[in-house]
There are 2 protein chains.
Amino acid sequence: MNKDTFTGEYRYALDAKGRVNIPAPFRKVLSPENENTVVITRGQDPTIWVYPALEWQVIENRLRELSALSPLNRSFIRTMTRWATPVTLDKQGRIQLTSDLIQYANLEKDVVIVGVINKMEIWNPARLEQVSAEIPQSDSEEFNNLAQSIII
Amino acid sequence: MNKDTFTGEYRYALDAKGRVNIPAPFRKVLSPENENTVVITRGQDPTIWVYPALEWQVIENRLRELSALSPLNRSFIRTMTRWATPVTLDKQGRIQLTSDLIQYANLEKDVVIVGVINKMEIWNPARLEQVSAEIPQSDSEEFNNLAQSIII
DNA sequence: TAATGTTGTGGGGAGATGTGGGTAATTTCC
DNA sequence: GGAAATTACCCACATCTCCCCACAACATTA
């Protein structure tokens, strides 16, 4: 099985302390070098992105190359890092979310965790449906072009 | 976890003596070679920049390489070094700010500390929101290009 | 069916963390 | 040199966070 590659969708409950389970199949492919640590941050959609620690370091290294002299770069670095928090899985395989991220993703009790190859996304189920409906789907030309460029 | 690399955002209170807490997660990644010492100085935005002592030495070396012959270089070197003050964390993990820097960053009781990879920034919360709103964001082409080249 | 392990969810308690204040040492100014 | 002000270091304590244990539901195997 591919290491650090996540696919599939799972439903869990966010508990009163703001903890959420990482799906057992995802825990199994999370490579040991991550030391049970992931980085949670704001996604581009209203969702929480969950990167394996190693994968996030790639982003960090790229950010480090950017000079802080340009205002645009400073702002970009800040928006990227501002919401990023490393968290470690507890003995039960859960992570603790920050209240800001819970708010940002509109999470309530029930959440959906989706594997999107190199990271996971934590969604409010209703929001996920909403966004999925808005975005062009299989009937759109763009979607077909993408599909043709990747599927073999 | 990456040493001397800071991400995330934390809220603290500046006390009557001008002291602020360094977020516990940041203290944990601050490598021992820094000997609990950081350098605080004026940021390019209205914020206080906080460098680990080691990282500041890298900056100093770069400044040293800049020729002092050009007036522009002299001015740049002067503004970077003029306000730079090394401070040591106390037993509780706080640092003492200088009144000049507090004024420069418009700090009042509540402050926000943001990790931006190689340093931290101490902000007046209102100022941070203001600057974030001013700078071209997702609607700017340049910003999107940066995002596409870095986000994975 | 019984036994055993895995998974998801809840909660309690020890230790860490954030914040205020006090006292002694040091500096500043006349 | 001495008084006043500032700084540096230490202690106190309420709150919160993280780590551990518990347990029910389900799956797996003997």
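Reminder, nothing fancy here: chain letters follow the sequence lines and each chain counts from 1. The shown structure was predicted, so the numbers you read here are calculated from the model rather than taken from an experiment.
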Problem set entry | Phosphate OP1/OP2 of dA16(C): any Lys91(B) side-chain N/O under 4.0 Å | no
Exercise. Can you tell me how far C1' of dC19(D) sits from CG of Leu89(A), to the nearest Å?
Worked result: 14 Å
Problem set entry | Non-hydrogen side-chain atoms of Pro25(A) and Lys28(A) separated by less than 4.5 Å | no
For this session: Output, in order, the C-alpha distance, side-chain angles, deciding distance and verdict of side-chain contact (heavy atoms from CB on, under 4.5 Å) for Thr7(B) and Arg82(A).
Result: CA-CA 6 Å; Thr7(B) 64; Arg82(A) 198 171 164 191; over 6 Å; no
Validation: residues 102-117 of chain A side-chain donor-acceptor distances under 3.5 Å, sequence neighbours left out:
{"residue": "Tyr104(A)", "atom": "OH", "partner": "Gly43(A)", "partner atom": "O", "Å": "2.8"}
{"residue": "Tyr104(A)", "atom": "OH", "partner": "Asp45(A)", "partner atom": "O", "Å": "3.4"}

Exercise. Tyr10(B) OH to dT17(C) P: how many Å, rounded?
Worked result: 11 Å
Problem set entry | 5'-most by nearest nucleotide on DNA chain C - Pro23(A) or Arg11(B) | Pro23(A)
Polar atom pairs (N or O), protein with nucleotides 21-23 of chain C, under 3.5 Å:
{"residue": "dG21(C)", "atom": "N7", "partner": "Arg19(B)", "partner atom": "NH2", "Å": "3.3"}
{"residue": "dG21(C)", "atom": "O6", "partner": "Arg19(B)", "partner atom": "NH1", "Å": "2.8"}
{"residue": "dG21(C)", "atom": "O6", "partner": "Arg19(B)", "partner atom": "NH2", "Å": "3.4"}
{"residue": "dG22(C)", "atom": "O6", "partner": "Lys17(B)", "partner atom": "NZ", "Å": "2.1"}

Exercise. Under a 4.5 Å cut-off applied to non-hydrogen side-chain atoms, are Ile22(A) and Met120(A) in contact?
Worked result: yes
Exercise. Should the ring pair Tyr51(A) and Trp49(A) be called parallel, tilted or perpendicular, given that the plane angle runs from 0 to 90° and is split at 30 and 60?
Worked result: perpendicular
Seminar exercise, completed: In whole angstroms, the gap separating C1' of dG8(C) from CG of Asp110(A) amounts to 13 Å
For this session: To the nearest Å, give me how far apart NZ (Lys109(B)) and P (dG18(C)) are.
Result: 14 Å
Problem set entry | Gap between atoms CD and P, on Gln92(B) and dA8(D) respectively (whole Å) | 15 Å
Exercise. Are Ile59(A) and Trp56(A) close enough that some pair of their side-chain heavy atoms sits under 4.5 Å apart?
Worked result: yes
Exercise. Could you give the CG-to-C1' distance, from Leu97(A) to dT17(D), as a whole number of Å?
Worked result: 15 Å
Exercise. Side chain of Tyr12(A): nearest nucleotide among dT17(C), dT7(C), dT9(C)?
Worked result: dT9(C)
Problem set entry | Gln96(A) side chain, from C-beta outward: closest of dC21(D), dC18(D), dT19(C) | dC18(D)
Problem set entry | Touch class at under 4.0 angstrom, heavy-atom based, for Arg27(B) against every strand present | sugar-phosphate
Problem set entry | Sequence neighbours excluded - salt bridge (charged side-chain N to carboxylate O under 4.0 Å, His left out) pairs with any residue from residues 10-19 of chain B | Glu9(B)-Arg11(B), Asp15(B)-Arg19(B), Asp15(B)-Arg94(B)
Seminar exercise, completed: Taken to the nearest whole Å, NZ/Lys28(A) to P/dT6(C) is 9 Å
